[in-house]
Amino acid sequence: MSETESQIAANLSTVKESIRESALAAGRNPDEVTLVAVSKTRSLEEVQQALNAGQTVFGENTVQDALTKIPKLKHTAAEWHFIGHLQSKKSGHIPGNFHWIHSVDSLKLARKLSNAVSQHPGLANLNCLLQVNVLEEESKFGLHAGEVTGFLHELLSLELPGLNWRGLMTIGAQGNEYQTRQTFVALRELQQRCRSEFELENFDQLSMGMTGDYRIAIEEGATLVRVGTAIFGARDYHKR
Ligand SMILES: *Cc1c(COP(=O)(O)O)cnc(C)c1O
């Protein structure tokens, strides 16, 4: 094992243990929380090392970066989640490469994704989350919280085969623990409201929490935590 390989393996076991502890402390079953290892900007070798250490779920935020890795790992157990902003014209790259997308925020994107999935008969449905910009920060993508039920109402009135609506995603308030917790609580309440109002039994996923705040997110109900830095180390700031 190389030095980086053992470092990634050690980091993974630290993060997994901390997920377990946070879940148990919150009275939750640790198996309800899936760790999405965010491998954006990382090399194929680093992803391979995480796979060797038993990690199978990975997140990428650009199609371009993802396609340097995903096709080469087709034969492995890797499951890929698209977590970045997606221009609808790039939707065609999602089916066949990604199993999940966390960042649906427009009807146009939803339509294009559905069309793209339909062009691959036999492919499993794409699991979709709506991205919510809870704090209404201009720098972030996503629907405002007040728009979500109206958006979902329209979405469900459309014929969009190939897509499974699974829940909500958000990004916390960087460096502000109180606000971050409020954001996660708001997302959970919104997800629960959507699930019962629209009778969507499988709308049960909450993607929230990154390296700096995944413990808080788990305390507030996260089912998917997106962790990059704590697993792979600090990213080169020239990349994203
Ligand atoms: C980069 C990124 C992450 C991971 O961030 P870390 O702080 O490195 O854990 C999570 N979610 C999204 C949407 C990201 O772009």
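Atoms within each ligand, like the ligands themselves, are counted from 1 in listed order.
- If you look at Lys40 next to ligand 1, the close heavy atoms, those under 4.0 Å, all belong to the side chain.
- With ligand atoms numbered from 1 in the order given, ligand 1 contributes 6 (P), 7 (O), 8 (O), 9 (O) to contacts under 4.0 Å with heavy atoms of Thr211.
- Those atoms of ligand 1 that come under 4.0 Å of a heavy atom in Arg226, given as number and element, are 4 (C), 9 (O), 10 (C), 11 (N), 12 (C), 13 (C).
- Every atom of ligand 1 is numbered from 1 in the order shown, and the set under 4.0 Å from a heavy atom of Thr229 is 6 (P), 7 (O), 8 (O), 9 (O).
- Below 4.0 Å from some heavy atom of Val227 lie the following atoms of ligand 1, by number and element: 9 (O).
- Side chain of Ser114 to backbone of Pro161: a donor-acceptor contact under 3.5 angstrom is found.
- A donor-acceptor pair shorter than 3.5 Å cannot be found between the side chains of Thr223 and Glu32.
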**Asked** Yes or no on side chain to side chain donor-acceptor pair (under 3.5 Å) for Asn133 and Glu137, after CA distance, side-chain angles and deciding distance?
**Response** CA-CA 7 Å; Asn133 180 359; Glu137 290 169 290; over 6 Å; no
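- Using modelled atom types and a 3.5 Å distance limit, the side chains of Glu60 and Ser39 yield a donor-acceptor pair.
- With respect to Arg181 and Glu219, a salt bridge is recorded, a charged nitrogen being found less than 4.0 Å from a carboxylate O.
- Residue pairs meeting the ring pair (Phe, Tyr, Trp, His ring centres under 6.0 Å) criterion with at least one member in residues 124-183, sequence neighbours excluded: His85-Phe141.
- Under a 4.0 Å heavy-atom criterion, Arg235 is in contact with ligand 1.
- For a threshold of 3.5 Å applied to N or O pairs, the pair formed by Ile83 and ligand 1 contains no separation below that value.
- When each atom of ligand 1 is checked for a heavy atom of Gly228 under 4.0 Å away, the hits are 4 (C), 6 (P), 8 (O), 9 (O).
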